[in-house]
Amino acid sequence: MSETSVPSNFIREAIEEDLRTGRYDRVHTRFPPEPNGYLHIGHAKAICIDFGLAEAFGGKCNLRFDDTNPVKEDIEYVEAIKEDIHWLGFDWEEREYYASDYFEQLYQWAIELIKKGKAYVDDLSPEEVREYRGTLTEPGKESPYRNRSVEENLDLFQRMRAGEFPDGARVLRAKIDMSSSNINLRDPVMYRILHSEHHRTGNKWCIYPMYDYAHGQSDSIEGITHSLCDIAYEIHRPLYDWFLDALEIYHPRQIEFARLNLTYTILSKRYLKQLVEGGYVSGWDDPRMPTLCGMRRRGYPPEAIRDFIERVGVAKNESIVDVALLEHCVRDHLNKTAPRVMAVLNPLKVIIDNYPEEKEEQLEALNNPEDASFGTRLVPFSREIYIEQDDFREIPPPKYFRLAPGKEVRLRYGYFIKCVDVVKDPQGNIVELHCTYDPETRGGYAPDGRKVQGTLHWVSAAHATDAEVRLYDRLFNHPDPDSAEEGKTFLDYLNPNSLKVLTGCKVEPCLAKAKPGQRFQFERQGYFCVDLDTTDNRLVFNRTVELRDSWAKIEQKKTG
RNA sequence: UGGGGCGUAGUGCAAUGGCAGCACACCAGACUUUGGAUCUGUGGAUCUUGGUUCGAAUCCGAGCGCCCCAGCCA
């Protein structure tokens with residue numbers, strides 16, 4: 001086990017102690033998703049912890065689908081989940097397991113518990129079971145069926161399996177303690193009748209084990225040492241231990257950690273589903289979604305997500321991490337890996353009056369000024385170019401470094417230009433600019449040493465490629481959309497400007513052949529990636545994340 | 001009112017009886033052919049209250065606050 005720079009945490013320490021004391025002599029974890037939805041950034045935390053810890057200790061991590069509820073699960077999700085885990089960079093090798101693989105063993109163990117007098121078939125209706133359970137402050141009552149004979153229980157349980165009873169008619173329950181202060185121990189249901197086709201076992205079964213009965217035993221079968229899970233299961237741990245002890249089988253250790261929450265983000269599967277089904281987003285992989293497939297489409301590199309999870313740390317505190325940290329990690333990675341390119345999102349035509357009409361030249365540009373290994377490229381330049389509308393102000397505010405009447409700026413890797421005229425339409429909108437250029441400043445340097453404050457990105461009009469650019473912003477305008485005020489729901493906090501589609505954007509010709517998934521920095525603007533909707537004659541970019549913009553901050557402060 | 005868990009800068013995580021530190025965010029400055037990146041610097045925290053101790057974020061008592069548990073969901 002090589003010493004990594006990853007900071008320690010309480011789970012790592014617990015594992016180290018278990019290894020030291022000999023409680024376990026190896027580390028084997030598992031990531032146990034239920035195939036009933038898509039993975040999101042919250043799952044990424046669990047994945048990184050489960051796979052990451054195993055790796056750190058030279059152990060293994062299994063992928064196990066917790067598929068004990070056929071009503072909610074689907075094969076569609078298992079494929080998506082596998083793809084997302086691989087995308088994050090983790091591999092379970094040949095250890096792809098399913099709780100449903102263990103149904104027969106689980107059934108045999110249930111029979112064993114019945115024989116030991118530790119489980120019984122209950123005929124109470126779901127409503128009655130609830131009534132008999134008691135409340136948080138009052139103990140429950142024992143079911144009248146609680147003390148059936150072993151023979152009767154065996155007979156009934158076998159007939160449950162055989163399909164003799166309709167859904168909900170009976171359940172198998174563990175016989176523990178109806179007056180326990182831990183409600184999970186008040187004779188929890190082990191099996192329920194569900195005449196439903198399972199995506200893997202088909203119609204072989206009509207009784208299905210509950211999570212509490214299936215999970216620990218599945219861990220045991222797989223020889224898991226450390227079963228890491230959400231803090232919500234902490235109160236289930238006595239039950240996890242109870243089944244394993246009652247069965248007298250190999251006993252893994254369950255350790256719980258706090259799940260991830262992000263500001264301006266919703267991570268509940270139910271709400272995410274609502275966003276998709278309500279048409280508030282285009283699908284599970286909408287780039288505004290916190291799903292891994294959404295982030296992938298948005299252009300978030302998996303390395304950035306892993307870095308983020310690492311920085312968040314592992315603890316038991318319930319916390320809400322600032323989404324700015326995630327964005328920082330994304331920028332940090334992309335800054336090192338994304339080639340730079342020029343793209344004009346809101347074009348403003350500029351005519352360089354003293355540049356010859358038919359002339360055209362190729363200017364050399366750096367693909368990454370911070371890393372020479374990215375090489376250089378040639379960018380065509382000509383008399384008519386586009387610059388960003390925001391890069392010109394007829395009446396420049398103080399500290400505005402960009403173009404204005406009479407002002408001189410640098411065109412990145414090009415020439416110094418000076419604005420000499422502003423052309424407007426009858427409504428007073430600026431439609432084009434006339435400038436002059438200084439031929440001595442080719443490449444962006446003035447031989448006489450004069451300086452300009454601003455450097456603008458640009459694209460030659462005649463050579464530009466058209467593109468559609470989708471600008472994404474946070475989906476919610478409330479830092480904690482989940483905790484809505486009275487009378488409101490998370491939907492009331494949807495940001496109406498979370499998607500802005502720009503068409504007619506002008507990008508460097510070298511982007512014409514860009515392929516879906518490729519990431520770039522559009523200089524001075526942000527990181528963008530080529531969207532899946534891109535075809536041979538349609539170029540679509542997604543804005544992954546903006547570059548930090550200190551000018552926007554200055555302006556914002558001035559306007560209030 | 002039962003049980004379980006958690007309280008450290010704005011946020012997240014460290015400090016495991018010995019100078020409360022790191023990251024992000026924020027603010028100021030330097031540098032800059034990206035108002036990016038980078039670099040430097042400033043401010044800001046132990047829930048409260050008693051106690052033990054030479055010394056407490058840490059140990060003990062009391063209190064307060066927040067989260068979770070009453071699915072035949074996971």
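Residue numbers start from 1 in every chain, and the chains themselves are labelled A, B, ... in the order their sequence lines are given, proteins ahead of strands.
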Fill in the blank from the handout: The Watson-Crick or G-U wobble partner of B:C22, with both key distances under 3.5 Å, is B:G12
Practice task
Using a strict cut-off of less than 4.0 Å between a Lys/Arg side-chain nitrogen and an Asp/Glu carboxylate oxygen, indicate whether A:D219 and A:R253 qualify as a salt bridge.
Solution key: no
Practice task
For B:G12 and B:C68, measure between their P atoms and round to the nearest Å.
Solution key: 16 Å
Handout entry: Nearest to side-chain heavy atoms of A:K316, which nucleotide of B:C6, B:C66, B:G12
Key = B:C6
Completion exercise
The nucleotide from B:U38, B:A70, B:C13 with an atom nearest the side chain of A:A315 is B:C13
Practice task
Determine the contact category for A:L260: base if any of its heavy atoms lies under 4.0 Å from a base atom, sugar-phosphate if only primed atoms, P, OP1 or OP2 are that close, otherwise nothing.
Solution key: nothing
Practice task
May I ask you to verify whether the side chain of A:E370 and the base of B:G36 hold a donor-acceptor pair under 3.5 Å?
Solution key: yes
Exercise for the section: May I ask you to establish whether A:R412 and A:W458 are in a cation-pi arrangement, using a distance under 6.0 Å from NZ or CZ to the six-membered ring centre and at most 45° from the ring axis? Expected result: no
Handout entry: ring centroid sep under 5.5 Å plus plane angle under 30, A:Y211 with B:A74
Key = no
Problem - Residues A:R148, A:D123: salt bridge by 4.0 Å N-O rule - result: yes
Completion exercise
With the side chain defined as heavy atoms from C-beta on, A:V321 is closest, among B:G71, B:G12, B:U16, to B:G12
Practice task
Tell me the partner of B:C64, counting only Watson-Crick (N1-N3 plus N6-O4 or O6-N4) or G-U wobble (N1-O2 and O6-N3) with both under 3.5 Å; none if nothing fits.
Solution key: B:G7
Exercise for the section: Taking only Lys NZ, Arg NE, NH1 and NH2, and the carboxylate oxygens of Asp or Glu, determine whether A:D332 and A:R311 approach each other closer than 4.0 Å. Expected result: yes
Fill in the blank from the handout: Side-chain contact check for A:T455: nearest option of B:G35, B:G5, B:C13 is B:G35
Handout entry: Candidate nucleotides B:G12, B:A23, B:A15, ranked by approach to the side chain of A:S319 - the nearest
Key = B:G12
Problem - A:R64 to A:Y97 six-membered ring, cation-pi geometry met (6.0 Å, 45°) - result: no
Handout entry: Side chain of A:Y400 - closest among B:G35, B:A70, B:A23
Key = B:G35
Exercise for the section: Just call it for A:Y191: base, sugar-phosphate, or nothing, with non-hydrogen atoms closer than 4.0 Å on any strand. Expected result: nothing
Problem - Rounded C1' spacing from B:A57 to B:G18 in Å - result: 13 Å
Problem - A:D50 versus A:T29, side-chain donor and acceptor atoms under 3.5 Å - result: no
Exercise for the section: Indicate, with a heavy-atom threshold strictly under 4.0 Å, whether A:V312 touches base, sugar-phosphate, or nothing. Expected result: sugar-phosphate
Practice task
Give one of base, sugar-phosphate or nothing for A:M342, where a contact means two heavy atoms less than 4.0 Å apart.
Solution key: nothing
Exercise for the section: Please work out whether B:G41 sits syn or anti, treating a glycosidic angle within 90° of 0 as syn. Expected result: anti
Practice task
Between A:A324 and A:F401, name the one whose nearest nucleotide on RNA chain B is closer to the 5' end.
Solution key: A:A324
Practice task
Name the nucleic acid region contacted by A:I554, choosing base, sugar-phosphate or nothing; use a 4.0 angstrom heavy-atom cut-off, strictly under.
Solution key: base
Exercise for the section: Classify the side chain of A:R402 versus the base of B:G35 as yes if they form a donor-acceptor pair under 3.5 Å and no if they do not. Expected result: yes
Practice task
Using a 4.0 Å heavy-atom cut-off across all strands, classify A:K553 as base, sugar-phosphate, or nothing.
Solution key: sugar-phosphate
Fill in the blank from the handout: What residues 175-184 of chain A contributes to the RNA chain B interface at heavy-atom separation below 4.0 Å is A:S181, A:I183, A:N184
Practice task
May I ask you to say what A:R237 touches in the nucleic acid, namely base, sugar-phosphate or nothing, with a heavy-atom cut-off under 4.0 Å?
Solution key: nothing
Fill in the blank from the handout: The nucleotide from B:G36, B:A14, B:A74 with an atom nearest the side chain of A:L547 is B:G36
Exercise for the section: State whether A:R133 places a side-chain N or O below 4.0 Å from either non-bridging phosphate oxygen (OP1 or OP2) of B:G71. Expected result: yes
Practice task
May I have the step-by-step check of salt bridge (charged side-chain N to carboxylate O under 4.0 Å, His left out) for A:D187 and A:K118, ending in yes or no?
Solution key: CA-CA 10 Å; A:D187 289 11; A:K118 290 174 186 284; over 6 Å; no
Handout entry: Listed nucleotide nearest any side-chain atom of A:I235, set B:A28, B:C73, B:G4
Key = B:G4
Problem - Base B:U34 to side chain A:Q525, donor-acceptor N/O within 3.5 Å cut-off - result: no
Problem - side-chain N/O A:N317 vs B:G7 OP1/OP2, d < 4.0 Å - result: yes
Practice task
Find the distance between SG (A:C510) and CZ (A:F520) and round it off to the nearest 0.5 Å.
Solution key: 7.0 Å
Exercise for the section: For A:V71, report the nucleic acid contact type (base, sugar-phosphate, nothing); a contact means any heavy atom under 4.0 Å. Expected result: nothing
Exercise for the section: Check whether any side-chain N or O of A:R186 sits under 4.0 Å from OP1 or OP2 of B:A70, and answer yes or no. Expected result: no
Exercise for the section: Let me know, please, whether A:Y527 or A:L326 comes out on the 5' side of the other along RNA chain B by nearest nucleotide. Expected result: A:L326
Handout entry: Main-chain N/O of A:H198 paired with A:T201 side-chain donor or acceptor, under 3.5 Å
Key = no
Fill in the blank from the handout: note: A:D549, atom CG; B:G36, atom P; distance rounded to Å ~ 8 Å
Problem - Check: A:G299 main-chain N/O paired with A:R519 side-chain donor or acceptor under 3.5 Å - result: yes
Handout entry: Short side-chain N/O contact from A:R548 to OP1 or OP2 of B:C26, under 4.0 Å
Key = yes
Problem - Nucleotide paired to B:U58 in any strand shown, Watson-Crick or G-U, under 3.5 Å - result: none
Practice task
Determine, for A:D549 against A:R524, whether the closest basic-nitrogen to carboxylate-oxygen distance falls under 4.0 angstrom.
Solution key: no
Practice task
Indicate yes or no: does A:R442 engage A:E361 in a salt bridge with an N to O separation below 4.0 Å.
Solution key: yes
Fill in the blank from the handout: Closest of B:A70, B:G35, B:U34 to the A:S550 side chain is B:G35
Practice task
Could you let me know what B:G2 is paired to, Watson-Crick or G-U wobble, both distances under 3.5 Å, or none if it's on its own?
Solution key: B:C69
Practice task
Could you check whether A:R311 gets within reach of a base, just the sugar-phosphate, or nothing at all, counting any heavy atom under 4.0 Å?
Solution key: sugar-phosphate
Exercise for the section: Have a look at A:Y413 and say if it touches a base, only the backbone sugar-phosphate, or nothing, with a 4.0 Å heavy-atom cut-off. Expected result: base
Handout entry: side chain to side chain donor-acceptor pair (under 3.5 Å) between A:Y264 and A:N477, worked out
Key = CA-CA 6 Å; A:Y264 298 98; A:N477 49 31; over 6 Å; no
Problem - Charged N-O contact under 4.0 Å between A:R186 and A:E138 - result: no
Exercise for the section: Indicate, with a heavy-atom threshold strictly under 4.0 Å, whether A:H236 touches base, sugar-phosphate, or nothing. Expected result: base
Practice task
Please determine if a side-chain N or O atom of A:T68 lies less than 4.0 Å away from the OP1 or OP2 oxygen of B:A74.
Solution key: yes
Problem - B:C24 phosphate, OP1 or OP2, under 4.0 Å from A:H328 side-chain N/O - result: yes
Problem - A:R192 side-chain N/O to B:A74 phosphate OP1/OP2 under 4.0 Å - result: yes
Fill in the blank from the handout: Given protein heavy atoms under 4.0 Å, the one-letter contact record of nucleotides 39-47 of chain B, with B base, S sugar-phosphate only and - none, is simply ---------
Problem - Minimum-distance nucleotide to A:P369 side chain [options: B:C13, B:G35, B:U34] - result: B:U34
